[in-house]
Amino acid sequence: MATTAQQGSDGGLDGVEVNGPEVSRSDEVLTPRALGLLAALHRAFEPRRRELLAARQERVAALAAGGSLDFLPETASVREDPDWHVADPAPGLVDRRVEMTGPTERKMTINALNSGAKVWLADLEDANTPAWENVVSGQVNLADAVAGTISFTNEKGKEYALREDADLATIVVRPRGWHLPEKHITVDGDPVSGSLTDFALYITACGQAQVDAGLGPYFYLPKMESHLEARLWNDVFVMAQEHLGIPRGTVRATCLIETYPAAFEMEEILYELREHSAGLNAGRWDYMFSVIKSFRTRGEEFLLPDRNAVAMTVPFMRAYTELLVRTCHKRGAHAIGGMAAFIPSRDPEVNEAAFAKVRSDKEREAGDGFDGSWVAHPGMVETCREAFTEVLGERPNQIDKKREDVDVTAADLLDVRSTPGSVTEGGLRSNVSVGIQYLESWLRGNGAVGINNLMEDAATAEISRSQVWQWVHSGIELEDGQKVTPDLVRRVVDEEMDAIRSARGDAFSSGLWDQAREMFTEVALAEEYSDFLTLPAYAAMP
């Protein structure tokens, strides 16, 4: 369908067009008020968004030319000023010892809220495919969840509903990153930002209701690369609150430090958002992706071994997480740890190993001073809670643990070379297999995929294809002496596709495997690196 929004009571709807297939109850979230806010935000901030995306490209070019990353001299006064702090933790975000992540499909929404986690990261980004139906229905599901009316019955008649005897998780919505468009809505003929679309629809439908419930419209902000991008978000928050009549400072946002450049601007990012800040999160998988992406043309200087060999304890990752905790607690903010991607299995031995790894990971984070951490499955919530409760006890957080013993330099953050491990044929095969399997699911509308007992999302697919690209373009030799060439990659693609076909059996024929294979091979072997795998994938989606 194609509709042109009519002038509404909020004004500003001339030039707004919604062009997408019919989605049930879309009129409840694509309201004149929501579209009016989106149009106002687009007109006010789209030029700045484009300038900031162009600045990203300028940095990439500078790094390719031999430049490096460092703490910014022009913002030294912000880092050195001891007197500023972020806002006190908002209601529902004081105790965050375990946070559940997942897409906003209806069943997942109910299970996440019932999971026993303190927070649910309602993911409209990496764990979600931005198909139009998902974009709209996700907002409907969130509105029903906030209203407390959400329910679901599956094809077998099993019913799901919110538990009345439990403390439900606080909803924190992750909109899409600044780089992603929403092609189904245009303003004055231009596609709007996916970030602003997700934000405007949610805060209009649910913002006041969350305030009335004693909470607020809370967000996780992904993929930012500079404090200027955080400043843009802060200006968006101020304008939206004024537009909707919501008290200023009601919006709170946790920023994911999941890009390499942002690791050098953590304090400045908190500063830009200080009245709206809810802390920082260590987005480990996207961070690894960004390390590869930022220095992809620099050969072995910034070469990572197989993805599964890069533990959080390797020097450059350790420096990043230690600095994050110190920075947050210095400014009175929460520090939230990274994802435990393991999902329970029917195999007891696999389960035992997975739970042991998750517990060890969460015990390390709690001991380092993190205030909470992420899990990808309700079955992992209790393990994470236990690890943090052993350290926190009855305290809601450990923001008072200042970590003044931490002294991280730019050289520490950049010390990728000392990461132990090798580039192996097994690592190459894993990247190819995971990348293709994830893409096939993504193209079918599912952005969170269980593969080999791990919950994979767009970040891990980005690592997979980026490593292959880097290995090919750097002429890397595998541990067994094979050189990673396009021909080798194509042979591995053929063999891994045969293995997937065999494992899937009759179900293989109903998938989008040819399209996924073609897309993965194209981005992995292209002469020019694609900044985000999801950009060409989204362009190919109706």
Trace of the side chain to side chain contact (heavy atoms under 4.5 Å, CB included) decision for Arg296 with Val60: CA-CA 10 Å; Arg296 58 186 180 265; Val60 167; 3.5 Å; yes
Any donor-acceptor pair under 3.5 Å linking the side chain of [X] with the backbone of [Y]?
X	Y	answer
Glu496	Val492	no
Ser430	Gly426	no
Trp178	Ser195	no
Arg298	Leu63	yes
Tyr320	Ile257	yes
Ser360	Lys357	no
Arg403	Asp368	yes
Asp123	Glu125	yes
Thr109	Asn141	no
Trp120	Thr101	no

Drop me the distance from [X]'s [atom1] to [Y]'s [atom2], to the nearest 0.5 angstrom.
X	Y	atom1	atom2	answer
Ser193	Phe45	OG	CZ	11.5 Å
Ile436	Ser441	CD1	OG	14.0 Å
Asp306	Ile463	CG	CD1	12.0 Å
Asp70	Leu414	CG	CG	7.5 Å
Glu133	Glu105	CD	CD	11.5 Å

Residue list, side chain to side chain contact (heavy atoms under 4.5 Å, CB included) with Ser464, at least two apart or on another chain: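 Scan of Ser464 (side chain to side chain contact (heavy atoms under 4.5 Å, CB included), adjacent residues dropped) gives Asn431, Val434.
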Output field: ring centroids Tyr202/Phe219 closer than 6.0 Å: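 Yes: the rings meet the under 6.0 Å criterion.
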Check: Trp471 and Ile292 side chains under 4.5 Å, non-hydrogen atoms: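 The answer is no; the side chains never approach within 4.5 Å.
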Note, Thr424 side chain near Asp480 side chain (heavy atom, < 4.5 Å):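 A side-chain contact under 4.5 Å is absent here.
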Check whether the side chains of [X] and [Y] place a donor and an acceptor atom closer than 3.5 Å, and report yes or no.
X	Y	result
Arg465	Gln470	no
Glu99	Asn281	no
Glu268	Thr75	yes
Arg96	Thr254	yes
Glu182	His184	yes
Glu365	Ser373	yes
Glu425	Gln482	yes

Reference residue Asp487; test salt bridge (charged side-chain N to carboxylate O under 4.0 Å, His left out); the match among Arg490, Lys483, Arg491: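 For Asp487, the salt bridge (charged side-chain N to carboxylate O under 4.0 Å, His left out) check succeeds only for Arg490.
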With sequence neighbours excluded, residues passing side-chain hydrogen bond (donor to acceptor under 3.5 Å, both in side chains) with Arg307: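 Once residues adjacent in sequence are excluded, the partners of Arg307 under the side-chain hydrogen bond (donor to acceptor under 3.5 Å, both in side chains) criterion are Glu456.
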Glu258 and Arg284: CA distance, side-chain angles, deciding distance, salt bridge (Lys or Arg N to Asp or Glu O under 4.0 Å) verdict: CA-CA 6 Å; Glu258 57 183 354; Arg284 61 178 67 175; over 6 Å; no
[X] to [Y] - nearest heavy-atom pair and separation:
X	Y	answer
Ala169	Ala117	CB-O, 3.4 Å
Phe71	Ala410	CE1-N, 3.5 Å
Pro130	Val135	O-CG2, 3.8 Å
Asp371	Ala333	OD2-O, 4.2 Å
Glu462	Leu533	OE2-N, 2.8 Å
Tyr438	Ala461	CD2-CB, 3.5 Å

Within 6.0 angstrom of [X] [atom1], more than 12 heavy atoms from elsewhere:
X	atom1	result
Glu301	CD	yes
Glu363	CD	yes
Lys183	NZ	yes
Glu477	CD	yes
Glu74	CD	yes

Salt bridge (Lys or Arg N to Asp or Glu O under 4.0 Å) evaluation trace for Asp415 with Arg318: CA-CA 10 Å; Asp415 185 20; Arg318 183 74 174 157; over 6 Å; no
Audit row: Phe316, Val291, side chain to side chain contact (heavy atoms under 4.5 Å, CB included) steps and yes/no: CA-CA 10 Å; Phe316 83 98; Val291 169; 3.9 Å; yes
Worked verdict on Leu52 versus Leu228 for side chain to side chain contact (heavy atoms under 4.5 Å, CB included): CA-CA 8 Å; Leu52 290 167; Leu228 298 179; 3.7 Å; yes
Glu51 with Arg48: basic N within carboxylate O range, under 4.0 Å: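 Salt bridge absent between Glu51 and Arg48.
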Electrostatic pair Glu229:Arg56 at N-O distance under 4.0 angstrom: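 So Glu229 pairs with Arg56 through a salt bridge.
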Derivation of the side-chain hydrogen bond (donor to acceptor under 3.5 Å, both in side chains) call for Gln57 and Asp531: CA-CA 9 Å; Gln57 297 303 314; Asp531 284 341; 2.5 Å; yes
Geometric cation-pi criterion, Lys293 with Phe532: 6.0 Å, 45°: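 Here Lys293 passes the 6.0 Å and 45° test against Phe532.
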Lys223/Asp126 under salt bridge (Lys or Arg N to Asp or Glu O under 4.0 Å): CA gap, chis, key distance, verdict: CA-CA 10 Å; Lys223 303 288 192 296; Asp126 270 2; 3.0 Å; yes
Pairs flagged by side chain to side chain donor-acceptor pair (under 3.5 Å) wherever residues 508-526 is involved - sequence neighbours left out: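 Checked against side chain to side chain donor-acceptor pair (under 3.5 Å) - neighbours excluded - the pairs reaching residues 508-526 are Asp494-Arg517.
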Full working for side chain to side chain contact (heavy atoms under 4.5 Å, CB included) between Lys362 and Thr383: CA-CA 8 Å; Lys362 301 313 175 189; Thr383 298; 5.7 Å; no
From CA spacing to verdict: salt bridge (Lys or Arg N to Asp or Glu O under 4.0 Å), Arg429, Glu495: CA-CA 9 Å; Arg429 289 185 176 279; Glu495 292 169 358; 2.4 Å; yes
